Undergrad: 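Quick one: this structure, given as structure tokens, is what I'll be asking you about.
Order of the sequence lines fixes the chain letters, A, B, ..., with proteins taken first and strands second; residue numbering starts at 1 for each chain. Since the model is a prediction, treat every value here as computed from it, not as a measurement.
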Amino acid sequence: MYLLFFFTYRLLKKLRFIFLIIVIINICSCEKVLQLKEPAITSAAVFEDVWKELDKKYALFSVKNINWDSVYNQSRPQFTAELNNNDLFKRISNMLEVLKDGHVSLISPEKTYTYDNFYTLYLRNFNFINIEKNYLKNQYNKTGPVIYKIVDSIGYLYYSSFRDNISEEDLNTIFNTMTATKGLIVDVRNNGGGSLSNAEKLFSRFINNRKLVKYEVIKKGPAHNDFLDKEAFYISPSGNYYSNKIVLLTNRTCFSACNDFVMYMSYLPNITLVGDQTGGGGSVPANYLLLNGWKLQYSSSVTLSPDNLPVENGIQPDIQIIISPFQEANGIDPILEKAYQLLR
Amino acid sequence: MICNKPEFKVFKICWLYFSWILFVLIFPFKLLCQDNYNGQNKNWNLSTAIIINFCSVTDKNFSALTYRGSSPGAAVALRYEGKHAEHEIAALYIANGNLNTNSSPKAKLNAGIFNIEYVNIYSLYVSPNNSFNCKAGAAIQFLNNSRKFNQFINNDFSFETALSFGAVAQLQYALGKNNNSIILTNRITLPVFSIFSQPSYSGSSAADKEAENGTAFKKLFTNNQTGSFSKFLRVKNQFAINKNFGNRHGISIMYNWEFYKIKTARSVIASNNQAGIQYNYKF
């Protein structure tokens with residue numbers, strides 16, 4: 001015990017020299033001792049960064065039944081040599097194509113890749129110029145982002161993008177006009193999504209009590225099936241309630257927030273969905289900055305309908321109608337005409 | 001084995017908390033009272049400082065890239081020095097500042113820091129001529145660092161809030177023998193056990209959204225976990241050169257360095273280099 005005290009005392013006496021060493025380390029900046037190292041930015045490192053981030057965070061591998069490891073094995077040999085930015089972008093985009101997900105994007109300062117086959121492989125089923133000219137006769141109201149008109153006591157409401165914000169005042173103005181109608185056509189064709197709060201504001205005019213609209217399942221860990229318990233989402237009514245018949249027009253370009261809106265609406269008792277299947281994209285997009293400064297966007301959650309069904313691949317209409325190229329060329333919109341017919 | 005039983009684990013956690021309360025709160029309080037009772041040399045010291053913070057952070061939730069930048073801040077500390085023990089409560093606030101990365105000039109990470117710590121240290125050794133002393137003790141540290149990424153949607157917010165219990169060692173060296181001599185002080189703090197919270201893995205749950213707008217205290221109770229060095233490693237080194245002017249006033253040049261590493265699914269590595277000027281007032 002005496003020896004212990006003796007050596008401790010001797011050590012403490014020597015501490016003044018240790019003190020000087022600490023001061024020197026301080027002056028040289030301690031960060032250099034435990035420096036945060038930047039990883040090397042090579043083509044292979046960027047590929048690994050993309051693959052690993054999606055492996056850990058992408059939520060739809062199970063829903064889409066994708067073997068991501070085999071994608072790695074197939075793609076990795078393409079990134080052994082150093083590539084120029086164009087080739088690197090092209091090869092990573094090709095790999096991302098496997099996911100068939102409109103929420104997956106690769107954004108470089110020069111280019112953007114987004115999966116778009118969910119609507120480009122199908123007929124457009126929408127031509128606003130035809131509607132404007134032949135059905136609205138170039139005369140309609142516009143409040144906020146919404147175009148609307150009443151013809152023969154049937155209301156027509158067109159919301160082109162949920163990226164364009166709508167206010168409660170805008171909706172009051174629109175729905176005060178629509179109160180007198182016997183039915184309402186809500187056209188969300190070519191609405192590629194945007195802010196979910198705009199979709200929710202519009203939906204809140206079609207309900208008179210709080211409604212369960214969806215479940216969201218988010219990841220809790222890096223494994224492909226590591227999910228938290230599903231979280232329920234409700235929407236409460238707001239402003240004037242529209243209780244008459246509604247026909248909702250959809251097509252394949254109806255994506256993301258619009259897909260959610262269609263899902264919410266499809267559970268109303270007074271609604272008929274007419275047109276083509278929606279484009280899907282019922283997940284929350286998230287982002288990641290790659291080593292070379294490009295941005296990666298991906299789906300970070302799974303959205304389930306109130307019946308617990310995934311809506312990632314879109315929502316089927318009640319009445320499927322296609323606009324043929326001939327009809328479109330002649331200015332005819334059979335989807336809109338069917339809606340009038342249902343409400344007349 | 002009894003050690004693996006859940007009841008024993010609860011006992012271990014309770015004992016850990018109790019021992020820290022005993023060590024960090026009750027024992028120093030006893031010494032404080034003892035100092036006052038004995039009428040020993042004692043003094044109170046109030047310090048304020050202006051600081052410039054140079055931050056480097058790699059938040060794997062946003063990117064594998066390191067963001068760097070600087071922002072101003074301020075610190076305030078109240079210190080009591082008795083014969084047996086020294087107590088200090090200090091707060092540090094670094095204003096939100098934009099951090100950048102070389103790979104993407106437009107990508108900005110807006111980061112802010114708020115720290116509070118309580119330190120109590122005991123004298124281990126004083127040199128015969130009083131020029132050198134060595135102290136050691138314990139600290140409770142509260143840290144709240146938040147970050148917001150300008151180009152992201154949904155997963156654009158991240159934070160670490162931590163309550164740590166750790167060890168402190170301080171060395172002090174006086175260059176000269178009178179009261180107005182220059183004093184060099186170096187203190188190292190190393191948390192041993194921490195309760196810390198981060199957003200959930202995806203960062204987009206309802207609790208995360210609540211935490212984003214909530215207070216630091218509320219964040220600590222959101223999605224929290226406990227850990228030691230392997231999960232939550234933090235080292236803080238504080239160096240100051242102090243010059244007293246008379247019995248009451250003093251000016252210090254300070255340089256703090258802090259490194260922390262959180263090794264969870266949301267991995268974060270950060271270092272802060274803080275340089276500042278501090279005014280000390282004894283009363």
Side-chain angles (χ1 to χ4, degrees), chain A residues 8-9 11-13 15-16 18-20 22-23 25-27 29-31 33-39 41 45 48-49 52-53 56-57 59 107-109 195 216-223 226-228 231-233 283-298 300-301, chain B residues 54 56-58 60-68 101-107 109 124-127 131-134 149 151-156 169 171-173 184-186 188 200-208 235 237-239 241 255-259 261 265 269-273:
Chain A
T8 309
Y9 183 77
L11 180 70
L12 287 172
K13 280 189 91 172
L15 273 178
R16 66 185 70 189
I18 296 170
F19 182 82
L20 283 174
I22 289 168
V23 171
I25 291 171
N26 258 311
I27 291 163
S29 175
C30 294
E31 196 182 342
V33 180
L34 290 161
Q35 199 167 22
L36 305 181
K37 281 184 186 166
E38 287 274 6
I41 304 170
E48 294 277 349
D49 204 18
K52 279 181 188 163
E53 179 63 12
K56 289 186 292 183
K57 297 278 182 70
I107 302 154
S108 80
S195 169
E216 201 79 62
V217 192
I218 60 171
K219 292 204 77 182
K220 68 169 181 182
D226 244 353
F227 289 105
L228 288 170
E231 200 175 333
F233 283 80
S283 64
V284 176
N287 306 271
Y288 182 76
L289 195 74
L290 297 169
L291 285 175
N292 59 351
W294 296 352
K295 197 164 90 171
L296 176 71
Q297 185 180 282
Y298 59 88
S300 69
S301 69
Chain B
F54 300 92
S56 302
V57 61
T58 308
K60 293 281 172 70
N61 184 54
F62 294 140
S63 178
L65 292 166
T66 301
Y67 289 79
R68 292 186 168 87
T101 182
N102 293 335
S103 293
S104 181
K106 284 183 185 171
L109 193 64
L124 292 182
Y125 169 79
V126 181
S127 67
S131 66
F132 175 74
N133 70 65
C134 171
F149 199 98
Q151 290 198 322
F152 287 1
I153 49 165
N154 301 318
N155 66 329
D156 63 342
L171 305 173
Q172 207 164 53
Y173 190 65
L184 310 180
T185 310
N186 200 91
I188 297 176
S200 68
Y201 185 69
S202 70
S204 58
S205 71
D208 297 323
V235 187
N237 189 72
Q238 295 161 285
F239 175 68
I241 303 171
Y255 174 69
N256 299 342
W257 172 79
E258 179 199 31
F259 174 86
K261 185 174 185 176
I269 305 173
S271 80
N272 292 300
N273 290 271

Undergrad: Counting only heavy atoms closer than 4.5 Å, note whether A/K295 contacts chain B via side chain, backbone, both or neither.
TA: side chain
Undergrad: Return the minimal non-hydrogen interatomic distance between A/F227 and A/A59, and the atom names on each side.
TA: CZ-O, 3.3 Å
Undergrad: Heavy-atom distance under 4.5 Å to chain A: side chain of B/N61, backbone, both or neither?
TA: both
Undergrad: Do B/N272 and B/N256 have side-chain N/O donor and acceptor atoms under 3.5 Å apart?
TA: no
Undergrad: Under the side chain to side chain contact (heavy atoms under 4.5 Å, CB included) criterion, do B/L171 and B/C134 qualify, and how do the steps go?
TA: CA-CA 5 Å; B/L171 305 173; B/C134 171; 3.7 Å; yes
Undergrad: Please check if the side chain of A/S301 supplies one atom and the backbone of A/E216 the other of a donor-acceptor pair under 3.5 Å.
TA: no
Undergrad: Taking it one step at a time, do A/K57 and A/Y288 satisfy side chain to side chain contact (heavy atoms under 4.5 Å, CB included)?
TA: CA-CA 10 Å; A/K57 297 278 182 70; A/Y288 182 76; 5.8 Å; no
Undergrad: Quick check against the 3.5 Å criterion: does A/S108 have a side-chain atom that pairs as donor or acceptor with the backbone of A/W294?
TA: no
Undergrad: For chain B, which candidate among A/P222, A/A286, A/G221 shows the most heavy-atom pairs at distances under 4.5 Å?
TA: A/G221
Undergrad: Sort A/D49 into side chain, backbone, both or neither according to what part of it lies under 4.5 angstrom from a heavy atom of chain B.
TA: side chain
Undergrad: With only heavy atoms counted, which part of A/I41 is less than 4.5 Å from chain B, the side chain, the backbone, both or neither?
TA: side chain
Undergrad: Under 4.5 Å, counting heavy-atom pairs only, tell me which of B/A265, B/P105, B/S202, B/S200 racks up the most with chain A.
TA: B/S202
Undergrad: Using heavy-atom distances under 4.5 Å, tell me whether B/F62 contacts chain A through its side chain, its backbone, both, or neither.
TA: backbone
Undergrad: Sort B/K60 into side chain, backbone, both or neither according to what part of it lies under 4.5 angstrom from a heavy atom of chain A.
TA: backbone
